[in-house]
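We number each residue from 1, following the sequence as shown. Worth saying up front: this structure is predicted, and the values here are computed from it rather than measured.
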Amino acid sequence: MIAQYADTALLAAGGVAKVGWIAWIIIGGLAGWIASKFMGTDKQMGFILNVVVGIVGGLLGGFLLKLAGVDVEGGGYWFTFFTAIAGAVVLLFVVKLVTGRK
């Protein structure tokens, strides 16, 4: 709730909300958990692996969106969250393809 008001205030002032490293860990953990639920790998993964998958997925998603020409730095918390989920789903899909797990 407070982050929403902070984002709104920053955007109204012409600034962009930057995502710090603590927010990356929180967003990464949630994104990794949601992606593992979506891909059916939650039972094999623990909390730490969910965070790692979410953070790496966020980096992967941000990299792919940047290649597509999307301004990823100016997105804020929600854009970062959805990018991390999408990137984590792609990461888990590739891991499942390579390892052959179902």
Query raised in the report: Who passes side chain to side chain contact (heavy atoms under 4.5 Å, CB included) against L60, sequence neighbours left out?
Result: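 Once residues adjacent in sequence are excluded, the partners of L60 under the side chain to side chain contact (heavy atoms under 4.5 Å, CB included) criterion are L64, V90, L91.
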Query raised in the report: When rounded to the nearest 0.5 angstrom, what distance separates CG in L65 from CZ in F82?
Result: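 Nearest 0.5 Å value for the CG-CZ distance: 13.5 Å.
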Side chain to side chain, [X] and [Y], heavy atoms closer than 4.5 Å:
| X | Y | result |
| --- | --- | --- |
| L92 | S36 | yes |
| F81 | I26 | no |
| L49 | W33 | no |
| L59 | F63 | no |

Report task. Write out all pairs satisfying salt bridge (charged side-chain N to carboxylate O under 4.0 Å, His left out) with one or both partners inside residues 25-41, taking only residues at least two apart or from two chains. Result ->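 As it turns out, the salt bridge (charged side-chain N to carboxylate O under 4.0 Å, His left out) pairs with a partner in residues 25-41, which skip direct neighbours, are K37-D42.
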Provide the closest heavy-atom pair for [X] versus [Y] in the form atom of the first, atom of the second, distance.
| X | Y | value |
| --- | --- | --- |
| M39 | K96 | O-NZ, 2.7 Å |
| A88 | A31 | CB-O, 4.3 Å |
| G58 | T83 | O-CG2, 4.1 Å |

